[in-house]
**Student:** 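Before anything else, here's the structure in question.
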Amino acid sequence: MNTRGAWFMRDIPVILWLAAAILIALLSPVFGSSRWLVVHLIALGGFTHSIMVWSVYFANALLKTKDVDPRSIQNIRLTLLQVGILAVVIGVPSLQGWLTILGAVIISGVIIWHAATLLHRLRIALPGRFRISIRYYLVAAAFVPIGALFGVLLARGLPGDWHGKLLVAHTMVNLLGWVGLSIFGTLITLWPTMLRTKMADDAERTSIRALPVLAVGLMTIMISPLVDLTWLGVVGVGVYLTGTLITYRPMLQAARGRAPHSFPTFSASAALLWLPVALVTLAVKMLFDGWQVLPVSYGVLTVMFLVGFALQMLLGALSYLVPVVIGGGPRPLRAGMRELNRLGTWRVFTVNIALIVCLLPVPPLVRTFVAIIAILALALTLVCILLGILAMLRTKRQLAAEMAIQGIPPGGVPPRKPADPAVIHPKLSKRQVVGAVVTVALGAALGFSFDPSAPGLEASQSVTVAHSTQGANALVH
Ligand code: HEM
(Lines give C-alpha, C1' and ligand atoms only; values in the text may rest on other atoms or scores of the structure.)
Protein backbone atom coordinates (compact mmCIF):
# COMPACT_ATOMS: atom_id res chain seq x y z
CA MET A 1 0.00 0.00 0.00
CA ASN A 2 1.39 3.37 -0.95
CA THR A 3 1.38 5.76 2.03
CA ARG A 4 3.00 8.64 0.12
CA GLY A 5 1.26 11.74 -1.17
CA ALA A 6 -1.73 13.60 0.22
CA TRP A 7 -4.63 11.46 1.48
CA PHE A 8 -7.91 13.21 2.23
CA MET A 9 -9.14 10.99 5.06
CA ARG A 10 -5.74 11.01 6.73
CA ASP A 11 -4.87 14.70 6.46
CA ILE A 12 -8.01 16.80 6.17
CA PRO A 13 -10.64 15.77 8.79
CA VAL A 14 -8.29 16.58 11.66
CA ILE A 15 -7.63 20.05 10.24
CA LEU A 16 -11.38 20.65 9.78
CA TRP A 17 -12.29 19.48 13.31
CA LEU A 18 -9.53 21.55 14.90
CA ALA A 19 -10.46 24.58 12.78
CA ALA A 20 -14.08 24.19 13.96
CA ALA A 21 -12.84 23.99 17.57
CA ILE A 22 -10.82 27.17 17.16
CA LEU A 23 -13.68 29.02 15.48
CA ILE A 24 -16.12 28.07 18.22
CA ALA A 25 -13.56 28.94 20.92
CA LEU A 26 -13.19 32.40 19.37
CA LEU A 27 -16.97 32.82 19.03
CA SER A 28 -17.55 31.47 22.54
CA PRO A 29 -20.01 34.12 23.75
CA VAL A 30 -22.34 33.12 20.89
CA PHE A 31 -22.45 29.42 21.80
CA GLY A 32 -23.84 28.43 25.20
CA SER A 33 -22.18 25.07 25.88
CA SER A 34 -19.12 25.83 23.82
CA ARG A 35 -16.50 24.66 26.33
CA TRP A 36 -17.69 21.05 26.16
CA LEU A 37 -17.96 21.30 22.38
CA VAL A 38 -14.48 22.79 21.91
CA VAL A 39 -12.94 20.17 24.22
CA HIS A 40 -14.57 17.28 22.35
CA LEU A 41 -13.93 18.60 18.84
CA ILE A 42 -10.26 18.57 19.85
CA ALA A 43 -10.45 15.29 21.79
CA LEU A 44 -12.42 13.29 19.23
CA GLY A 45 -11.81 15.09 15.92
CA GLY A 46 -8.18 15.95 16.68
CA PHE A 47 -6.73 13.28 18.97
CA THR A 48 -8.89 10.24 18.24
CA HIS A 49 -8.72 10.70 14.47
CA SER A 50 -4.96 11.27 14.55
CA ILE A 51 -4.24 8.32 16.83
CA MET A 52 -6.18 6.02 14.49
CA VAL A 53 -4.32 7.30 11.45
CA TRP A 54 -0.81 7.52 12.83
CA SER A 55 -0.80 4.33 14.90
CA VAL A 56 -1.43 2.45 11.65
CA TYR A 57 1.37 4.40 9.99
CA PHE A 58 3.81 3.51 12.77
CA ALA A 59 2.62 -0.10 12.89
CA ASN A 60 3.34 -0.31 9.13
CA ALA A 61 6.77 1.18 9.56
CA LEU A 62 7.77 -0.93 12.57
CA LEU A 63 6.15 -4.27 11.72
CA LYS A 64 6.47 -4.09 7.92
CA THR A 65 2.90 -5.30 7.47
CA LYS A 66 1.70 -2.69 5.00
CA ASP A 67 -0.72 -4.75 2.95
CA VAL A 68 -2.73 -6.10 5.86
CA ASP A 69 -5.17 -3.21 5.98
CA PRO A 70 -5.75 -1.50 2.60
CA ARG A 71 -6.44 2.22 2.45
CA SER A 72 -10.05 1.57 1.39
CA ILE A 73 -10.76 -0.31 4.64
CA GLN A 74 -9.05 2.39 6.67
CA ASN A 75 -11.21 4.95 4.87
CA ILE A 76 -14.36 3.05 5.94
CA ARG A 77 -13.18 3.02 9.57
CA LEU A 78 -12.26 6.70 9.46
CA THR A 79 -15.60 7.62 7.87
CA LEU A 80 -17.46 5.68 10.56
CA LEU A 81 -15.39 7.51 13.16
CA GLN A 82 -16.49 10.87 11.73
CA VAL A 83 -20.13 9.69 11.97
CA GLY A 84 -19.61 8.67 15.61
CA ILE A 85 -17.94 12.00 16.44
CA LEU A 86 -20.79 13.94 14.78
CA ALA A 87 -23.37 11.94 16.76
CA VAL A 88 -21.60 12.70 20.06
CA VAL A 89 -20.94 16.39 19.40
CA ILE A 90 -24.60 16.85 18.42
CA GLY A 91 -26.05 14.42 20.98
CA VAL A 92 -24.47 15.76 24.18
CA PRO A 93 -25.20 19.50 23.82
CA SER A 94 -28.73 18.86 22.47
CA LEU A 95 -29.43 16.38 25.32
CA GLN A 96 -30.34 13.62 22.83
CA GLY A 97 -29.31 10.64 24.96
CA TRP A 98 -29.91 8.06 22.21
CA LEU A 99 -27.65 9.99 19.80
CA THR A 100 -24.90 10.24 22.42
CA ILE A 101 -25.12 6.49 23.08
CA LEU A 102 -25.11 5.75 19.34
CA GLY A 103 -22.04 7.97 18.84
CA ALA A 104 -20.20 6.45 21.81
CA VAL A 105 -20.97 2.93 20.56
CA ILE A 106 -19.79 3.75 17.01
CA ILE A 107 -16.57 5.35 18.30
CA SER A 108 -15.85 2.45 20.66
CA GLY A 109 -16.67 -0.12 17.96
CA VAL A 110 -14.42 1.58 15.40
CA ILE A 111 -11.53 1.71 17.85
CA ILE A 112 -11.97 -1.94 18.85
CA TRP A 113 -11.90 -2.82 15.12
CA HIS A 114 -8.80 -0.67 14.70
CA ALA A 115 -7.13 -2.36 17.70
CA ALA A 116 -8.03 -5.81 16.32
CA THR A 117 -6.21 -5.02 13.06
CA LEU A 118 -3.17 -3.81 15.03
CA LEU A 119 -3.21 -7.03 17.04
CA HIS A 120 -3.44 -9.05 13.82
CA ARG A 121 -0.42 -7.19 12.42
CA LEU A 122 1.52 -7.87 15.62
CA ARG A 123 0.71 -11.58 15.37
CA ILE A 124 1.73 -12.02 11.72
CA ALA A 125 4.78 -9.72 11.75
CA LEU A 126 8.26 -11.20 11.75
CA PRO A 127 10.16 -10.64 14.98
CA GLY A 128 11.60 -7.15 15.09
CA ARG A 129 12.35 -4.20 17.35
CA PHE A 130 9.84 -1.76 18.81
CA ARG A 131 6.84 -4.08 18.83
CA ILE A 132 6.31 -2.44 22.22
CA SER A 133 4.95 0.67 20.44
CA ILE A 134 2.04 -1.41 19.11
CA ARG A 135 1.41 -2.80 22.62
CA TYR A 136 1.08 0.80 23.86
CA TYR A 137 -1.54 1.41 21.12
CA LEU A 138 -3.43 -1.74 22.12
CA VAL A 139 -3.55 -0.88 25.83
CA ALA A 140 -4.54 2.70 24.92
CA ALA A 141 -7.43 1.45 22.76
CA ALA A 142 -8.67 -0.84 25.54
CA PHE A 143 -9.44 2.25 27.63
CA VAL A 144 -11.69 3.88 25.00
CA PRO A 145 -14.94 1.91 25.60
CA ILE A 146 -14.55 2.54 29.36
CA GLY A 147 -14.00 6.27 28.78
CA ALA A 148 -16.97 6.40 26.40
CA LEU A 149 -19.21 4.66 28.95
CA PHE A 150 -18.25 7.22 31.61
CA GLY A 151 -18.93 9.98 29.05
CA VAL A 152 -22.42 8.64 28.32
CA LEU A 153 -23.19 8.44 32.06
CA LEU A 154 -21.94 12.01 32.56
CA ALA A 155 -24.15 13.19 29.70
CA ARG A 156 -27.22 11.69 31.43
CA GLY A 157 -26.51 13.79 34.54
CA LEU A 158 -25.48 12.32 37.88
CA PRO A 159 -26.50 13.06 41.46
CA GLY A 160 -24.30 14.47 44.27
CA ASP A 161 -20.57 14.05 44.01
CA TRP A 162 -20.90 11.38 41.30
CA HIS A 163 -20.50 14.06 38.63
CA GLY A 164 -17.03 14.97 39.97
CA LYS A 165 -16.10 11.31 40.44
CA LEU A 166 -17.00 10.26 36.91
CA LEU A 167 -15.52 13.44 35.46
CA VAL A 168 -12.11 12.45 36.86
CA ALA A 169 -12.54 8.84 35.71
CA HIS A 170 -13.75 9.87 32.22
CA THR A 171 -11.14 12.51 31.54
CA MET A 172 -8.17 10.58 32.90
CA VAL A 173 -9.08 7.32 31.15
CA ASN A 174 -9.32 9.26 27.89
CA LEU A 175 -6.46 11.72 28.30
CA LEU A 176 -3.90 9.57 30.14
CA GLY A 177 -5.06 6.24 28.67
CA TRP A 178 -6.21 6.63 25.07
CA VAL A 179 -4.20 9.78 24.30
CA GLY A 180 -1.29 9.53 26.78
CA LEU A 181 -0.35 5.91 26.10
CA SER A 182 -0.65 6.43 22.33
CA ILE A 183 1.71 9.41 22.62
CA PHE A 184 4.25 7.45 24.69
CA GLY A 185 4.09 4.51 22.28
CA THR A 186 4.74 6.83 19.35
CA LEU A 187 7.50 8.91 20.93
CA ILE A 188 9.73 5.87 21.49
CA THR A 189 10.76 6.11 17.84
CA LEU A 190 9.34 9.47 16.76
CA TRP A 191 11.13 11.64 19.33
CA PRO A 192 14.72 10.81 18.25
CA THR A 193 13.60 10.93 14.60
CA MET A 194 12.14 14.41 15.08
CA LEU A 195 15.34 15.54 16.78
CA ARG A 196 17.36 13.87 14.00
CA THR A 197 19.56 12.18 16.56
CA LYS A 198 20.45 8.70 17.85
CA MET A 199 17.95 6.86 20.01
CA ALA A 200 19.10 6.00 23.55
CA ASP A 201 20.46 2.44 23.67
CA ASP A 202 17.95 1.31 26.28
CA ALA A 203 14.92 3.14 24.80
CA GLU A 204 13.04 -0.04 23.96
CA ARG A 205 13.79 -1.77 27.28
CA THR A 206 12.75 1.34 29.20
CA SER A 207 9.43 1.61 27.34
CA ILE A 208 8.72 -2.06 28.02
CA ARG A 209 9.32 -1.39 31.73
CA ALA A 210 7.20 1.79 31.75
CA LEU A 211 4.01 0.38 30.16
CA PRO A 212 2.77 -1.70 33.15
CA VAL A 213 3.65 1.15 35.53
CA LEU A 214 1.60 3.62 33.46
CA ALA A 215 -1.30 1.18 33.09
CA VAL A 216 -1.41 0.36 36.82
CA GLY A 217 -1.18 4.08 37.70
CA LEU A 218 -4.06 4.89 35.38
CA MET A 219 -6.24 2.01 36.61
CA THR A 220 -5.64 3.22 40.17
CA ILE A 221 -6.62 6.80 39.23
CA MET A 222 -9.74 5.45 37.48
CA ILE A 223 -10.81 3.25 40.40
CA SER A 224 -10.17 5.84 43.13
CA PRO A 225 -13.30 7.97 42.51
CA LEU A 226 -15.43 4.83 42.03
CA VAL A 227 -14.44 3.57 45.52
CA ASP A 228 -14.46 7.11 46.93
CA LEU A 229 -10.81 7.20 48.03
CA THR A 230 -9.00 10.41 47.08
CA TRP A 231 -5.72 9.20 48.62
CA LEU A 232 -5.83 6.21 46.25
CA GLY A 233 -6.18 8.66 43.35
CA VAL A 234 -3.08 10.50 44.56
CA VAL A 235 -1.18 7.20 44.74
CA GLY A 236 -2.36 6.44 41.18
CA VAL A 237 -1.12 9.82 39.97
CA GLY A 238 2.22 9.14 41.69
CA VAL A 239 2.54 5.78 39.91
CA TYR A 240 1.57 7.26 36.52
CA LEU A 241 4.06 10.09 37.07
CA THR A 242 6.75 7.51 37.84
CA GLY A 243 5.93 5.72 34.57
CA THR A 244 6.06 9.07 32.77
CA LEU A 245 9.49 9.87 34.19
CA ILE A 246 10.74 6.41 33.21
CA THR A 247 9.75 7.10 29.58
CA TYR A 248 11.34 10.57 29.76
CA ARG A 249 14.83 9.22 30.59
CA PRO A 250 15.71 7.91 27.09
CA MET A 251 14.01 10.96 25.59
CA LEU A 252 16.26 13.26 27.63
CA GLN A 253 19.27 11.25 26.58
CA ALA A 254 18.29 11.66 22.91
CA ALA A 255 17.78 15.40 23.43
CA ARG A 256 21.32 15.62 24.82
CA GLY A 257 22.51 14.37 21.42
CA ARG A 258 20.66 17.19 19.70
CA ALA A 259 18.55 19.79 21.47
CA PRO A 260 15.04 20.67 20.20
CA HIS A 261 15.51 23.09 17.31
CA SER A 262 12.37 23.23 15.14
CA PHE A 263 8.65 23.90 15.64
CA PRO A 264 7.77 20.18 15.96
CA THR A 265 10.44 19.57 18.61
CA PHE A 266 9.72 22.80 20.55
CA SER A 267 6.00 22.05 20.59
CA ALA A 268 6.55 18.43 21.68
CA SER A 269 9.01 19.55 24.39
CA ALA A 270 6.49 22.03 25.77
CA ALA A 271 3.89 19.25 25.81
CA LEU A 272 6.26 16.96 27.72
CA LEU A 273 6.79 19.69 30.32
CA TRP A 274 3.05 20.25 30.83
CA LEU A 275 2.25 16.61 31.60
CA PRO A 276 4.05 16.36 35.00
CA VAL A 277 2.74 19.81 35.94
CA ALA A 278 -0.80 18.68 35.13
CA LEU A 279 -0.39 15.41 37.05
CA VAL A 280 0.86 17.18 40.19
CA THR A 281 -2.00 19.70 39.92
CA LEU A 282 -4.49 16.82 39.62
CA ALA A 283 -3.09 15.17 42.76
CA VAL A 284 -3.23 18.44 44.72
CA LYS A 285 -6.78 19.15 43.58
CA MET A 286 -7.99 15.64 44.40
CA LEU A 287 -6.48 15.91 47.85
CA PHE A 288 -7.72 19.40 48.73
CA ASP A 289 -10.95 19.85 46.69
CA GLY A 290 -12.59 16.43 46.99
CA TRP A 291 -14.96 15.00 44.34
CA GLN A 292 -17.81 17.46 44.96
CA VAL A 293 -15.77 20.66 44.48
CA LEU A 294 -13.38 19.34 41.83
CA PRO A 295 -15.69 19.98 38.81
CA VAL A 296 -16.01 23.67 39.78
CA SER A 297 -12.37 24.28 38.92
CA TYR A 298 -11.90 21.51 36.35
CA GLY A 299 -11.00 23.94 33.56
CA VAL A 300 -7.50 24.32 35.01
CA LEU A 301 -6.86 20.60 34.55
CA THR A 302 -8.57 20.49 31.15
CA VAL A 303 -6.36 23.31 29.88
CA MET A 304 -3.17 21.71 31.20
CA PHE A 305 -3.85 18.17 29.97
CA LEU A 306 -5.78 18.95 26.80
CA VAL A 307 -4.04 22.04 25.43
CA GLY A 308 -0.70 22.13 27.27
CA PHE A 309 0.07 18.43 26.85
CA ALA A 310 -2.03 16.68 24.23
CA LEU A 311 -2.81 19.43 21.69
CA GLN A 312 0.73 20.79 21.62
CA MET A 313 2.04 17.25 21.16
CA LEU A 314 -0.44 16.64 18.33
CA LEU A 315 0.45 19.87 16.52
CA GLY A 316 4.18 19.18 16.92
CA ALA A 317 3.86 15.61 15.67
CA LEU A 318 1.62 16.56 12.72
CA SER A 319 4.01 19.34 11.70
CA TYR A 320 6.76 16.76 11.47
CA LEU A 321 4.83 13.83 10.02
CA VAL A 322 2.69 15.48 7.34
CA PRO A 323 5.67 16.53 5.14
CA VAL A 324 7.32 13.15 5.67
CA VAL A 325 4.30 11.24 4.39
CA ILE A 326 3.62 13.62 1.51
CA GLY A 327 7.21 12.98 0.41
CA GLY A 328 8.46 13.76 -3.10
CA GLY A 329 12.16 14.19 -2.32
CA PRO A 330 14.33 16.89 -0.74
CA ARG A 331 12.96 19.90 -2.65
CA PRO A 332 9.24 19.43 -1.81
CA LEU A 333 10.26 18.49 1.74
CA ARG A 334 12.20 21.74 2.14
CA ALA A 335 9.25 23.70 0.69
CA GLY A 336 6.99 22.08 3.30
CA MET A 337 9.44 22.62 6.16
CA ARG A 338 9.77 26.29 5.30
CA GLU A 339 6.02 26.75 5.91
CA LEU A 340 5.81 24.41 8.89
CA ASN A 341 8.61 26.14 10.76
CA ARG A 342 7.44 29.66 9.93
CA LEU A 343 7.34 31.70 13.16
CA GLY A 344 7.82 28.36 14.96
CA THR A 345 9.56 29.77 18.04
CA TRP A 346 7.01 32.58 18.33
CA ARG A 347 4.05 30.20 18.09
CA VAL A 348 5.31 27.85 20.81
CA PHE A 349 6.41 30.57 23.22
CA THR A 350 3.25 32.62 22.71
CA VAL A 351 0.98 29.64 23.40
CA ASN A 352 2.88 28.59 26.51
CA ILE A 353 3.37 32.03 28.04
CA ALA A 354 -0.31 32.75 27.35
CA LEU A 355 -1.38 29.45 28.96
CA ILE A 356 0.64 30.26 32.08
CA VAL A 357 -0.90 33.75 32.29
CA CYS A 358 -4.40 32.27 31.83
CA LEU A 359 -3.84 29.93 34.76
CA LEU A 360 -2.65 32.73 37.06
CA PRO A 361 -5.12 34.75 39.16
CA VAL A 362 -5.36 37.68 36.72
CA PRO A 363 -8.46 39.85 36.07
CA PRO A 364 -11.03 38.16 33.80
CA LEU A 365 -10.55 40.48 30.82
CA VAL A 366 -6.79 40.04 30.90
CA ARG A 367 -7.39 36.31 30.80
CA THR A 368 -9.85 36.63 27.92
CA PHE A 369 -7.46 38.70 25.77
CA VAL A 370 -4.50 36.46 26.52
CA ALA A 371 -6.60 33.34 25.84
CA ILE A 372 -7.57 34.74 22.44
CA ILE A 373 -3.88 35.24 21.66
CA ALA A 374 -3.19 31.61 22.62
CA ILE A 375 -6.03 30.39 20.42
CA LEU A 376 -4.79 32.47 17.47
CA ALA A 377 -1.24 31.16 17.91
CA LEU A 378 -2.60 27.59 17.93
CA ALA A 379 -4.71 28.38 14.87
CA LEU A 380 -1.63 29.66 13.07
CA THR A 381 -0.10 26.20 13.33
CA LEU A 382 -3.07 24.74 11.47
CA VAL A 383 -2.62 27.39 8.78
CA CYS A 384 1.10 26.52 8.56
CA ILE A 385 0.29 22.81 8.19
CA LEU A 386 -2.15 23.56 5.37
CA LEU A 387 0.33 25.91 3.67
CA GLY A 388 3.01 23.24 4.08
CA ILE A 389 0.84 20.62 2.34
CA LEU A 390 0.03 23.04 -0.50
CA ALA A 391 3.67 24.13 -0.89
CA MET A 392 4.79 20.51 -1.12
CA LEU A 393 2.16 19.57 -3.69
CA ARG A 394 3.03 22.69 -5.73
CA THR A 395 6.77 21.94 -5.61
CA LYS A 396 6.14 18.33 -6.61
CA ARG A 397 4.21 19.53 -9.67
CA GLN A 398 6.93 22.08 -10.53
CA LEU A 399 9.60 19.43 -10.21
CA ALA A 400 7.69 17.05 -12.47
CA ALA A 401 7.33 19.83 -15.08
CA GLU A 402 11.07 20.71 -14.88
CA MET A 403 11.97 17.05 -15.27
CA ALA A 404 9.68 16.69 -18.28
CA ILE A 405 11.28 19.75 -19.94
CA GLN A 406 14.79 18.43 -19.32
CA GLY A 407 13.80 14.97 -20.57
CA ILE A 408 14.45 13.27 -17.21
CA PRO A 409 12.18 10.21 -16.90
CA PRO A 410 9.91 9.88 -13.82
CA GLY A 411 11.97 8.28 -11.04
CA GLY A 412 15.18 9.82 -12.42
CA VAL A 413 17.40 12.26 -10.51
CA PRO A 414 15.54 15.61 -10.39
CA PRO A 415 17.34 18.91 -11.09
CA ARG A 416 18.94 20.34 -7.93
CA LYS A 417 18.43 23.75 -6.40
CA PRO A 418 20.59 25.24 -3.63
CA ALA A 419 19.00 24.71 -0.20
CA ASP A 420 18.34 27.56 2.21
CA PRO A 421 20.34 26.66 5.37
CA ALA A 422 17.71 28.31 7.59
CA VAL A 423 15.16 25.81 6.29
CA ILE A 424 17.34 22.71 6.67
CA HIS A 425 18.75 23.73 10.06
CA PRO A 426 16.05 25.67 11.90
CA LYS A 427 16.92 26.89 15.38
CA LEU A 428 15.47 28.79 18.30
CA SER A 429 14.95 32.42 17.34
CA LYS A 430 15.66 34.81 20.23
CA ARG A 431 13.84 37.58 18.36
CA GLN A 432 10.73 35.44 18.19
CA VAL A 433 10.97 34.67 21.92
CA VAL A 434 11.02 38.42 22.60
CA GLY A 435 8.15 38.80 20.10
CA ALA A 436 6.12 36.21 22.01
CA VAL A 437 6.69 37.96 25.35
CA VAL A 438 5.72 41.31 23.81
CA THR A 439 2.59 39.83 22.17
CA VAL A 440 1.31 38.30 25.42
CA ALA A 441 2.24 41.47 27.36
CA LEU A 442 0.29 43.58 24.85
CA GLY A 443 -2.73 41.29 25.19
CA ALA A 444 -2.53 41.52 28.98
CA ALA A 445 -2.16 45.30 28.80
CA LEU A 446 -5.24 45.54 26.58
CA GLY A 447 -7.13 43.40 29.07
CA PHE A 448 -6.07 45.65 31.96
CA SER A 449 -7.07 48.77 30.06
CA PHE A 450 -10.58 47.44 29.39
CA ASP A 451 -11.09 45.81 32.78
CA PRO A 452 -13.06 48.04 35.14
CA SER A 453 -11.79 46.11 38.18
CA ALA A 454 -8.14 46.50 37.29
CA PRO A 455 -6.86 49.89 38.38
CA GLY A 456 -4.22 47.99 40.36
CA LEU A 457 -3.25 44.44 40.93
CA GLU A 458 -4.96 44.28 44.34
CA ALA A 459 -8.16 42.96 42.81
CA SER A 460 -6.37 40.24 40.96
CA GLN A 461 -4.43 39.15 44.01
CA SER A 462 -7.62 38.40 45.87
CA VAL A 463 -8.92 36.25 43.09
CA THR A 464 -9.47 32.71 44.26
CA VAL A 465 -8.78 29.36 42.70
CA ALA A 466 -12.35 29.31 41.46
CA HIS A 467 -11.62 32.49 39.58
CA SER A 468 -8.57 31.00 37.99
CA THR A 469 -10.77 28.19 36.79
CA GLN A 470 -12.95 30.64 34.96
CA GLY A 471 -9.80 31.97 33.38
CA ALA A 472 -8.64 28.63 32.18
CA ASN A 473 -12.15 28.08 30.94
CA ALA A 474 -11.98 31.25 28.92
CA LEU A 475 -9.53 29.47 26.65
CA VAL A 476 -11.88 26.61 25.93
CA HIS A 477 -15.18 28.23 26.70
C1 HEM B 1 -17.06 8.80 23.52
C2 HEM B 1 -17.48 9.93 23.57
C3 HEM B 1 -17.50 10.93 24.71
C4 HEM B 1 -18.58 11.37 25.38
C5 HEM B 1 -20.03 10.92 25.19
C6 HEM B 1 -18.13 12.37 26.32
C7 HEM B 1 -18.94 13.06 27.19
C8 HEM B 1 -18.52 13.96 28.16
C9 HEM B 1 -19.38 14.61 29.12
C10 HEM B 1 -20.88 14.43 29.20
C11 HEM B 1 -18.59 15.39 29.89
C12 HEM B 1 -19.01 16.16 31.12
C13 HEM B 1 -19.26 17.61 30.92
C14 HEM B 1 -19.67 18.23 32.23
O15 HEM B 1 -18.82 18.55 33.06
O16 HEM B 1 -20.85 18.33 32.44
C17 HEM B 1 -17.24 15.29 29.39
C18 HEM B 1 -16.16 15.98 29.89
C19 HEM B 1 -14.89 15.89 29.39
N20 HEM B 1 -14.45 15.00 28.43
FE21 HEM B 1 -15.60 13.75 27.33
N22 HEM B 1 -16.78 12.50 26.19
C23 HEM B 1 -16.34 11.63 25.23
C24 HEM B 1 -15.02 11.44 24.83
C25 HEM B 1 -13.93 12.13 25.32
C26 HEM B 1 -12.58 11.94 24.90
C27 HEM B 1 -12.12 10.94 23.84
C28 HEM B 1 -11.80 12.83 25.63
C29 HEM B 1 -10.32 13.06 25.60
C30 HEM B 1 -9.45 12.50 24.84
C31 HEM B 1 -12.69 13.56 26.50
C32 HEM B 1 -12.28 14.55 27.37
C33 HEM B 1 -13.11 15.23 28.23
C34 HEM B 1 -12.67 16.32 29.08
C35 HEM B 1 -11.25 16.89 29.16
C36 HEM B 1 -13.79 16.75 29.80
C37 HEM B 1 -13.83 17.86 30.83
C38 HEM B 1 -14.22 19.14 30.11
C39 HEM B 1 -14.33 20.32 31.02
O40 HEM B 1 -13.34 20.74 31.60
O41 HEM B 1 -15.42 20.84 31.09
N42 HEM B 1 -13.97 13.10 26.29
N43 HEM B 1 -17.23 14.40 28.35
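These values consider heavy atoms only, across backbone and side chains, with no hydrogens, waters or symmetry-generated copies. Whatever order the structure lists ligands and atoms in, that order sets their numbers, starting from 1. Just so you know, these numbers come straight off a predicted model, no measurement behind them.
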**Student:** Between L149, N174, I51, which one has a non-hydrogen atom sitting closest to atom 25 (C) of ligand 1?
**Tutor:** N174
**Student:** Does the pair H163 and Q292 meet the rule for a side-chain hydrogen bond (donor to acceptor under 3.5 Å, both in side chains), with working shown?
**Tutor:** CA-CA 8 Å; H163 179 80; Q292 185 97 38; over 6 Å; no
**Student:** Check this for me - ligand 1, T100, N or O atoms closer than 3.5 angstrom, yes or no?
**Tutor:** no
**Student:** Measure centre to centre between the rings of F58 and F130, then say whether the value is under 6.0 Å.
**Tutor:** no
**Student:** Would you call the rings of F309 and F184 parallel, tilted or perpendicular, where under 30° means parallel and over 60° means perpendicular?
**Tutor:** tilted
**Student:** Between L44 and ligand 1, find which residue part has any heavy-atom pair under 4.0 Å and reply side chain, backbone, both or neither.
**Tutor:** side chain
**Student:** Who's closest to atom 7 (C) of ligand 1 heavy-atom-wise, of G151, G91, A104?
**Tutor:** G151
**Student:** As an exercise, identify every atom of ligand 1 less than 4.0 angstrom from a heavy atom of L154.
**Tutor:** 9 (C), 10 (C), 11 (C), 12 (C)
**Student:** In terms of heavy-atom contacts, does CE of M9 have more than 12 from other residues, nucleotides or ligands at under 6.0 Å?
**Tutor:** yes
**Student:** Side chain, backbone, both or neither: which part of T171 has a heavy atom under 4.0 Å from ligand 1?
**Tutor:** side chain
**Student:** For T381, run the side chain to side chain donor-acceptor pair (under 3.5 Å) check against Q312, R342, R347 and tell me which one passes.
**Tutor:** R347
**Student:** Please could you name the atoms of ligand 1 that L167 approaches to less than 4.0 Å, counting only its heavy atoms?
**Tutor:** 12 (C), 15 (O), 18 (C)
**Student:** Can you confirm, on distance only, whether ligand 1 has an N/O atom lying under 3.5 Å from any N/O atom belonging to Y298?
**Tutor:** no
**Student:** Is there a side-chain hydrogen bond (donor to acceptor under 3.5 Å, both in side chains) between Y240 and T220 once you walk through the steps?
**Tutor:** CA-CA 9 Å; Y240 194 93; T220 313; over 6 Å; no
**Student:** Which ligand 1 atoms are under 4.0 Å away from a heavy-atom of V179?
**Tutor:** 30 (C)
**Student:** Under 4.0 Å from a heavy atom of V39: which atoms of ligand 1 are those, numbered in the order shown and with their elements?
**Tutor:** 33 (C), 34 (C), 35 (C)
**Student:** Taking only heavy atoms of A148 into account, list the atoms of ligand 1 that are under 4.0 Å away from them.
**Tutor:** 1 (C)
**Student:** Out of H40, R35, H163, who gets a non-hydrogen atom closest to atom 43 (N) of ligand 1?
**Tutor:** H40
**Student:** With heavy-atom distances below 4.0 Å as the criterion, list the atoms of ligand 1 near A155.
**Tutor:** 10 (C)
**Student:** If we ignore angles and hydrogens, is there a donor and acceptor under 3.5 Å between the side chains of Y137 and T186?
**Tutor:** yes
**Student:** State whether a side-chain donor-acceptor pair under 3.5 Å links Q74 with H114.
**Tutor:** no
**Student:** Do the side-chain N and O atoms of H120 and T65 include a donor-acceptor pair separated by under 3.5 angstrom?
**Tutor:** no
**Student:** Out of F305, F150, F143, W36, indicate the one that has the non-hydrogen atom closest to atom 17 (C) of ligand 1.
**Tutor:** W36
